[in-house]
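Below you'll find the structure, written out as structure tokens, and then a few comments.
In what follows, residues are counted from 1 in the order of the sequence shown.
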Amino acid sequence: MRNRFLVISQEDYEFIDKYHQWRERKIELTLKELIDGATRILTDFKDFNEKYGFPNEQKMGYHYVRRKNSIEPYPVAVLMIHIYQMGTLIFKDNIHNLACEGSLHSNYEETFKSISGFGDSTGVEQEIKARYKKYRGTD
């Protein structure tokens with residue numbers, strides 16, 4: 001379970017890095033590549049939650065980072081912030097409960113309320129199209 005979550009988190013990191021390179025015109029990606037990348041992260045995270053439940057330390061154990069020799073929080077909130085920014089308000093109605101049960105730090109309750117993308121938060125495709133139009137001037 002832990003390894004699967006860390007793979008999803010790494011894939012998210014790589015996709016967001018490519019997205020920022022695209023936004024800064026360092027690389028080119030098609031609209032389809034952007035939609036597919038963001039959709040894959042969302043789908044993988046949803047599938048993870050259906051199979052294992054919400055990822056947290058209680059279920060997965062401590063997140064020991066060997067190269068740093070330290071225990072760190074799992075990057076669940078970062079992954080969720082990226083999903084929110086890409087147009088899907090996942091767990092929107094459960095953020096308070098997730099904070100109360102200790103799965104998310106309580107500070108994120110306000111953070112998630114303030115996150116929005118360029119679109120209307122109705123899904124990945126709508127959001128990516130809005131970003132594509134903003135950064136490339138095309139649909």
Side-chain angles (χ1 to χ4, degrees):
M1 173 185 347
R2 176 184 184 278
N3 288 337
R4 180 65 190 128
F5 175 77
L6 292 174
V7 166
I8 295 167
S9 178
Q10 182 62 33
E11 288 172 352
D12 174 64
Y13 172 81
E14 291 169 5
F15 172 74
I16 294 298
D17 183 56
K18 284 172 89 174
Y19 164 75
H20 285 298
Q21 289 181 51
W22 170 82
R23 186 179 50 79
E24 296 166 0
R25 295 185 179 268
K26 293 178 181 175
I27 65 170
E28 279 305 317
L29 296 169
T30 65
L31 178 62
K32 183 178 180 345
E33 287 172 318
L34 289 167
I35 291 170
D36 289 351
T39 300
R40 185 180 62 252
I41 301 302
L42 173 62
T43 301
D44 288 351
F45 189 59
K46 282 182 173 180
D47 290 348
F48 180 93
N49 279 275
E50 286 177 20
K51 185 172 183 178
Y52 302 111
F54 193 82
N56 59 35
E57 203 171 80
Q58 293 86 353
K59 289 181 181 155
M60 298 190 296
Y62 289 119
H63 178 39
Y64 174 70
V65 181
R66 186 175 309 236
R67 65 181 160 63
K68 294 181 179 179
N69 192 29
S70 66
I71 295 172
E72 298 185 1
Y74 286 102
V76 178
V78 171
L79 177 61
M80 287 181 61
I81 287 168
H82 293 158
I83 290 170
Y84 267 54
Q85 290 171 331
M86 291 296 158
T88 304
L89 305 180
I90 193 166
F91 301 118
K92 178 184 176 198
D93 297 329
N94 292 326
I95 298 296
H96 179 75
N97 293 338
L98 292 169
C100 287
E101 70 185 22
S103 293
L104 284 174
H105 193 283
S106 60
N107 292 346
Y108 287 109
E109 195 167 354
E110 288 304 312
T111 300
F112 286 116
K113 288 178 186 175
S114 67
I115 295 174
S116 64
F118 297 109
D120 59 12
S121 297
T122 58
V124 170
E125 188 170 342
Q126 188 277 330
E127 177 64 31
I128 297 297
K129 284 180 177 179
R131 288 172 183 259
Y132 212 87
K133 186 172 185 174
K134 176 176 175 59
Y135 292 112
R136 293 300 186 270
T138 60
D139 292 336

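Both Ile41 and Met1 sit in one connected hydrophobic cluster of ILVMFWY residues. Membership requires side-chain heavy atoms under 4.5 Å apart, directly or through other members. Note on Met60 and Val7: separate hydrophobic clusters, where clusters join Ile, Leu, Val, Met, Phe, Trp and Tyr whose side-chain heavy atoms are under 4.5 Å apart, directly or indirectly. Note: the hydrophobic cluster containing Val78 does not contain Met86 (ILVMFWY, side chain heavy atoms under 4.5 Å, direct or indirect links). Placement of Ile128 and Tyr135 within a single hydrophobic cluster is found when ILVMFWY residues are connected by side-chain heavy-atom separations under 4.5 Å, directly or transitively. With hydrophobic clusters built from ILVMFWY side chains whose heavy atoms lie under 4.5 angstrom apart, Ile71 does not share a cluster with Leu104.
With hydrogens and angles ignored, the 3.5 Å screen pairs a side-chain donor or acceptor of Tyr84 with a backbone N or O of Ile90. Judged by distance alone, with hydrogens and angles left aside, the side-chain atoms of Tyr74 form a donor-acceptor pair with the main-chain N or O of Tyr62 at under 3.5 Å. Between the side chain of Gln126 and the main chain of Asp120, a donor-acceptor pair closer than 3.5 Å is present. Proximity of a side-chain donor or acceptor of Gln21 to a complementary backbone N or O of Lys26 within less than 3.5 Å is not detected. Looking only at distances, no side-chain donor or acceptor of Asp17 sits under 3.5 Å from a matching main-chain atom of Tyr13. The closest donor-acceptor contact from the side chain of Thr39 to the backbone of Ile35 lies under 3.5 Å.
With respect to the salt-bridge test (charged N to carboxylate O, under 4.0 angstrom), the residues Lys46 and Glu50 do not qualify. Taking a cutoff of 4.0 Å between a charged side-chain nitrogen and a carboxylate oxygen, Arg131 and Glu127 qualify as a salt bridge.
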* Verdict with supporting geometry, Lys18 and Glu14, salt bridge (Lys or Arg N to Asp or Glu O under 4.0 Å) -> CA-CA 6 Å; Lys18 284 172 89 174; Glu14 291 169 5; over 6 Å; no
* Take Ile95 and Met80, measure what side-chain contact (heavy atoms from CB on, under 4.5 Å) needs, and give me the verdict at the end. => CA-CA 11 Å; Ile95 298 296; Met80 287 181 61; 3.6 Å; yes
* Please assess Leu79 against Phe5 for the test side-chain contact (heavy atoms from CB on, under 4.5 Å), listing each intermediate value before the final yes or no. => CA-CA 10 Å; Leu79 177 61; Phe5 175 77; 3.8 Å; yes
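Here the side chains of Arg25 and Arg136 are in contact, with some heavy-atom distance below 4.5 Å. The side-chain heavy atoms of Val76 and Asn56, taken from C-beta on, include no pair separated by under 4.5 Å.
Taken from NE2 in His96 to OG in Ser106, the straight-line distance is 10.0 Å, to the nearest 0.5 Å. For the atom pair CG of Asp44 and CD1 of Ile8, the computed distance is 5.0 Å after rounding to the nearest 0.5 Å. In this structure, OG1 in Thr111 is found 6.0 Å from CD1 in Ile81, a value given to the nearest 0.5 Å. In this structure, the separation between CG on Asp36 and OG1 on Thr30 is 7.5 Å, given to the nearest 0.5 Å. Taking NE2 of His105 as the reference point, atom CG of Leu98 lies at 14.0 Å (rounded to 0.5 Å).
Looking at every heavy atom in both residues, His82 comes nearest to Ile16 through ND1-CG1, 3.4 Å. Scanning both residues, Glu101 and Gln58, for their nearest heavy atoms gives O-NE2, 4.2 Å. Nearest heavy-atom pair, Phe15 versus Ala38, reported as atom, atom and distance to 0.1 Å: CZ-N, 3.5 Å. Of all heavy-atom pairs between Phe48 and Gly53, the closest is CE2-O, 3.6 Å.
In this structure, His20 places its NE2 atom where more than 12 heavy-atom neighbours from other residues, nucleotides or ligands lie under 6.0 Å away. At most 12 heavy atoms of other shown residues, nucleotides or ligands fall within 6.0 angstrom of atom NZ in Lys92.
Using modelled atom types and a 3.5 Å distance limit, the side chains of His63 and Glu72 yield no donor-acceptor pair.
In this structure, the ring of Tyr132 has its center less than 6.0 angstrom from the ring center of Trp22. A distance of 6.0 Å or more separates the ring centres of Phe112 and Phe91.
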